[in-house]
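Side-chain atoms are counted along with the backbone in the values below, which use heavy atoms only and exclude waters and symmetry mates.
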Amino acid sequence: MPSVQDVGGPVAHDAVVLAGGGARRLGGADKPGVRVGGRALLDRVLGACSEAGATVVVADPRPTARPVRWARENPPGAGPVAALGAGLRHTTADTVVVLSADLPFLAADTVRRLLAALEGQDAEGALLTDADGRDQPLVAAYRTFALRRELAALGEEHGGLAGLPLRRLTAGLDLTRVPDPVASFDCDTWDDIATARARIREHGHVLDEWISAVKDELGIDLDVDTGVLLDLARDAAHGVARPAAPLTTFLVGYAAGQAGGSPEAVAEAARKATALAIRWADETGEAATSADKSADKSAEKPDGNAAAASPAADPADGQPDVAPDATPDTRPDAG
């Protein structure tokens, strides 16, 4: 079987997601479970790294949108370096993507860019920098051997990994940096959560966010051409009736599923339904034009009833102005 890299995708890699922090700045809330755009923060991150061969989440197990492996640092809450060491033990790929679980705007494209940046150089890691130019070591791709080397050295030096800051780990790595102020945005406070929730509802983002949320909720891993479906909905609404729009798109989805559920199946079903909606609208227009022509012809004809009617008798020619069958009044008191 060809590897991911062989078929033109990103280099083969595993992913480690750190999701077991205490979230003190959120008042101890369950940060990975906080929802942004209807999805838990952890599920949003898992969606971004879905191309990983194995995904390890370092935290207590919980329901997630996609299958993962679970790991836990010992003792729990021993910090990010200890958590990374625990997760790395479950990986086998030469490259590993390391992510925190509080990245609402992380996308698969960002993960691919990190992998490409790492492969394009002799560096041992590629990480994002935020809007202020600060390194974000938990939005990064690393060479697995380099992480294991530094973790082993730190463990030997300090007698373990508990309580060590990430900068101690990254200080020994040769790193390249990828600026991205959006994907590197993390949610440490409730204000950050509010900012993230507001941003995804902005006009330029809301539709993509909604489609992603629906796909996750339904367990669909499919690239949807929203433009094609929106055009279809418009044609059905304008050419048939407004309620036809959602019903038609549902039927297109059902037909595509019956045909295998590929993007090509969606496009073909949408093409057929769009052509039908256009034909339907054309017939409606032709019928309206025929009706207008019939009305115009009727208006041009003389009024047959008016022409056949006899004119009323003129009192000036001596005839009484009464109907022909009128009977004279013969009552005794008639004058």
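Smallest separation of non-hydrogen atoms from Ala270 and Val228: CB-CG1, 3.5 Å. What you find for Arg72 and Ala59 is that their closest heavy atoms are CD-C, 3.7 Å. In terms of heavy atoms, Ala19 sits closest to Pro32 at O-CG, 3.4 Å. Between Leu18 and Val16, the shortest heavy-atom contact is CD2-CG1, 3.9 Å. The two residues Ala233 and Thr249 come nearest to each other via the heavy atoms CB-CG2, 4.2 Å. Considering all non-hydrogen atoms of both residues, Val11 and His13 come closest at O-ND1, 2.8 Å.
The distance from the CZ atom of Arg35 to the CZ atom of Arg197 is 10.0 Å, given to the nearest 0.5 Å. If you take SG on Cys49 and CZ on Arg66, they are separated by 5.0 Å, rounding to the nearest 0.5 Å. In this structure, CD in Glu157 is found 6.5 Å from CG in Leu154, a value given to the nearest 0.5 Å. Here OG1 of Thr64 is found 6.0 Å from CG of Asp43. Values are rounded to the nearest 0.5 Å. The structure places CG of Asp192 at 4.5 Å from CZ of Phe185, a figure rounded to the nearest 0.5 Å. Rounding to the nearest 0.5 Å places CG of Leu26 at 8.5 Å from CG of Asp102.
Put simply, Leu138 and Leu147 are part of the same group of oily side chains (I, L, V, M, F, W, Y) that touch within less than 4.5 Å, one to the next. Both Leu175 and Leu151 are members of a single hydrophobic cluster when ILVMFWY side chains are connected at heavy-atom separations under 4.5 Å. If you chain together hydrophobic residues whose side chains sit under 4.5 Å apart, Trp210 and Leu232 fall into the same group. Under the 4.5 Å side-chain contact rule for hydrophobic residues, Val68 and Val111 share a cluster. Transitive grouping of hydrophobic side chains (ILVMFWY, heavy atoms separated by less than 4.5 Å) keeps Val58 and Leu99 in distinct clusters.
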| request: Could you walk me through whether Asp109 and Arg112 pass the salt bridge (charged side-chain N to carboxylate O under 4.0 Å, His left out) test, one step at a time? | output: CA-CA 5 Å; Asp109 285 345; Arg112 296 187 197 110; 2.3 Å; yes
| task | Before giving the answer on side chain to side chain contact (heavy atoms under 4.5 Å, CB included), spell out for Ile211 and Thr226 the whole-Å C-alpha distance, their side-chain angles and the decisive distance to 0.1 Å. | result | CA-CA 9 Å; Ile211 293 298; Thr226 54; 3.9 Å; yes
| task | May I have the step-by-step check of side chain to side chain contact (heavy atoms under 4.5 Å, CB included) for Phe105 and Ile200, ending in yes or no? | result | CA-CA 9 Å; Phe105 305 129; Ile200 66 169; 3.5 Å; yes
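Here Asp282 does not pair with Arg279 in a salt bridge; the nearest charged N to carboxylate O distance is not below 4.0 Å.
With hydrogens and angles disregarded, no donor-acceptor distance shorter than 3.5 Å links the side chain of Lys31 to the backbone of Leu41. Distance alone, capped at 3.5 Å, is enough to place a donor-acceptor pair between the Asp14 side chain and the Ala93 backbone. Judged purely by atom type and a 3.5 angstrom limit, Arg44 uses its side chain to pair as donor or acceptor with the backbone of Val36.
Side-chain contact between Val139 and Asp180: absent, with no pair of heavy atoms (C-beta onward) separated by less than 4.5 Å. Counting heavy atoms from C-beta on, the side chains of Thr91 and Arg148 come closer than 4.5 Å. Between Thr144 and Thr92, every side-chain heavy-atom pair lies at or beyond the 4.5 Å cut-off. With a 4.5 Å cut-off on side-chain heavy atoms, Leu114 and Leu118 do not count as touching. Taking 4.5 Å as the limit, every side-chain heavy atom of Val178 sits out of range of all side-chain heavy atoms of Thr176. Between Glu209 and Arg199, the closest side-chain pair of non-hydrogen atoms is not below 4.5 Å. Counting heavy atoms from C-beta outward, Leu127 and Arg177 have side chains that approach closer than 4.5 Å.
Other residues, nucleotides and ligands contribute over 12 non-hydrogen atoms within 6.0 Å of the CG atom of Asp174. Heavy-atom contacts from other residues, nucleotides or ligands closer than 6.0 Å to CH2 of Trp70 number more than 12. Other residues, nucleotides and ligands place no more than 12 heavy atoms under 6.0 Å from the CZ atom of Arg168. When the shell of 6.0 Å around CG of Asp132 is examined, it contains more than 12 heavy atoms from other residues, nucleotides or ligands.
With 3.5 Å as the limit, one finds no donor-acceptor pair spanning the side chains of Ser184 and Gln136. Thr189 and Asp191 share no donor-acceptor pair across their side chains, judged by distance under 3.5 Å alone.
For the salt bridge (Lys or Arg N to Asp or Glu O under 4.0 Å) with Arg143, the qualifying choice from Glu119, Glu124, Glu150 is Glu119, the only one to do so. Residue Val17 is tested with Val56, Leu42, Val98 for a side-chain contact (heavy atoms from CB on, under 4.5 Å); the sole match is Leu42. Evaluated for a side-chain contact (heavy atoms from CB on, under 4.5 Å) with Thr110, the options Val97, Leu128, Leu115, Leu103 yield exactly one hit, Leu128.
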